[in-house]
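Heads up, the thing below is written out as structure tokens.
Residue numbering restarts at 1 for every chain, and letters A, B, ... go by the order of the sequence lines. Keep in mind the model is a prediction, meaning the values are calculated, not measured.
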There are 2 protein chains.
Amino acid sequence: MSSARSHTWQDIQERIRRKIEDRTWSPGDLIPGEVALAEQFGCARTTVNRALRELAATGVIDRKRKAGTRVAMNKSRRVTAEIPVIRAQVEALEKEYRFELLENRSLVPPAYILDTLRLKADHKALHIRSVHYADDKPFIYEDRWINTRTITQIKKIDLTHTSANEWLVENVPFTCGEFVVVACMPGKRVVKAMQLSSKEPVLESRRTTWIGQKSVTTVALYYQPDFQIRFDI
Amino acid sequence: MSSARSHTWQDIQERIRRKIEDRTWSPGDLIPGEVALAEQFGCARTTVNRALRELAATGVIDRKRKAGTRVAMNKSRRVTAEIPVIRAQVEALEKEYRFELLENRSLVPPAYILDTLRLKADHKALHIRSVHYADDKPFIYEDRWINTRTITQIKKIDLTHTSANEWLVENVPFTCGEFVVVACMPGKRVVKAMQLSSKEPVLESRRTTWIGQKSVTTVALYYQPDFQIRFDI
DNA sequence: AAGTGGTCTAGACCACTGA
DNA sequence: CAGTGGTCTAGACCACTTT
């Protein structure tokens, strides 16, 4: 009957996965409770719990107290990607990294930036524009606004030597935020700085980060036209 | 000294997080071992382990046996997104879903598709093109190739009533795969089917999935020009 | 060889939520 | 209220690496 009965949570998870793939348990079905499964698999309930917890985290099953565990109906997949510091991204391609600061001054941002950073109409913010190069070819154009009411220390930093990207990542405590990707036609500034033909669409990623309720920074990155963002499923 | 000493792993995690944010432990530093932390926080080692495990999973710390736990240098962030079935995506917008099948036939794919699906030069595959609508407005254009050597059952399915997207998600067991996002200018077919002005760039997402070593399907989705893919950090 | 993280167990109590 | 998942504990053994 039962072959190799390893009791690792990975193994238990694999067995449960298979039952779902087999359609022993179909989407929407209630599957046995943790105690039952523990007995069935001959392991501790804790181990079953670990296996199920991870399956729930990736959206394979839905769990509710008292209601039990069901195979997820909507197999929406959760994908993940690594978003590294730009320097690391360039160095991972085995190219030499360098960046150029185009702008670094404090001014009142346009309305949609004020809104994003939740600043009032007359508040200033630090506007930073720079180009990041890989082996002397423009790689990413960065257009960033920093809320200097939250990040007061940045006024003292020499951003011509350390990029804002890098400084923030290394010095600003963990934040939550959002990250949005769109396709766009680059504006004149981007076309020029990135040495593009003006007809090529590029990926634009917008990121805004927070410390608790306080906004930190919002940044738009424009990549080379052929650039891909890659995810694992 | 110690205030509210909850021993939930979330609490322990929060305390550790804070020590990193405080720069009590700076990037690159070795932090105390699990036993030490357990004693320090007055909880079981298992609880510390759980807290640290989750921090490691999101890239905040790096852990190695014997070497110990270090605060991550490269705070590369892992972002996650939900990729739902197209129907669910439309219905989440509270719009009515419908789709139209444009093509559904078996033929020898172009070379790059053969390569992606790891098929031989004379092998046929099922080519499916369709448009997915939200309230009668084109929402996504789908260009899919299915490896009928892996998914033999699909020949029997009526794909005019159930979209391939939906059928695959609900019927093909779990796969691994890759997911790539690029910006592109849509081709003629896409422009026409999506009723676009031909100058607008759109997001293209390419996904290829596998069952073990066997390729299942590769699909390119073209979204409406203003469409955003959103991630949580 | 030794130290550190990784995991399993058995038992216990808690927290949520459906009936 | 009762059943299910969520978590904590204490102790044990294992597996991986660095020394």
**Item:** Partners meeting ring pair (Phe, Tyr, Trp, His ring centres under 6.0 Å) with A/Y133 (sequence neighbours left out)
**Value:** none
**Message:** With salt bridge (charged side-chain N to carboxylate O under 4.0 Å, His left out) as the rule and sequence neighbours excluded, what pairs involving residues 145-167 of chain A come up?
**Reply:** A/R87-A/E166
**Asked** Rounded to whole angstrom units, what separation is found between the CG atom of A/L30 and the P atom of C/dA19?
**Response** 11 Å
**Request:** Identify which one of A/R50, A/R65, A/R63, A/R53 satisfies the salt bridge (charged side-chain N to carboxylate O under 4.0 Å, His left out) criterion when paired with A/E34.
**Result:** A/R63
**Item:** Nearest heavy atoms of B/V131 and B/P138, plus distance in Å
**Value:** CG1-CB, 4.1 Å
**Prompt:** What does nucleotides 4-9 of chain C look like as a protein-contact string, B for base, S for sugar-phosphate only, - for none, at under 4.0 angstrom between heavy atoms?
**Reply:** BBBBSB
**Message:** Please determine whether a side-chain nitrogen of the Lys or Arg among B/R98 and B/E96 lies less than 4.0 Å from a carboxylate oxygen of the Asp or Glu.
**Reply:** no
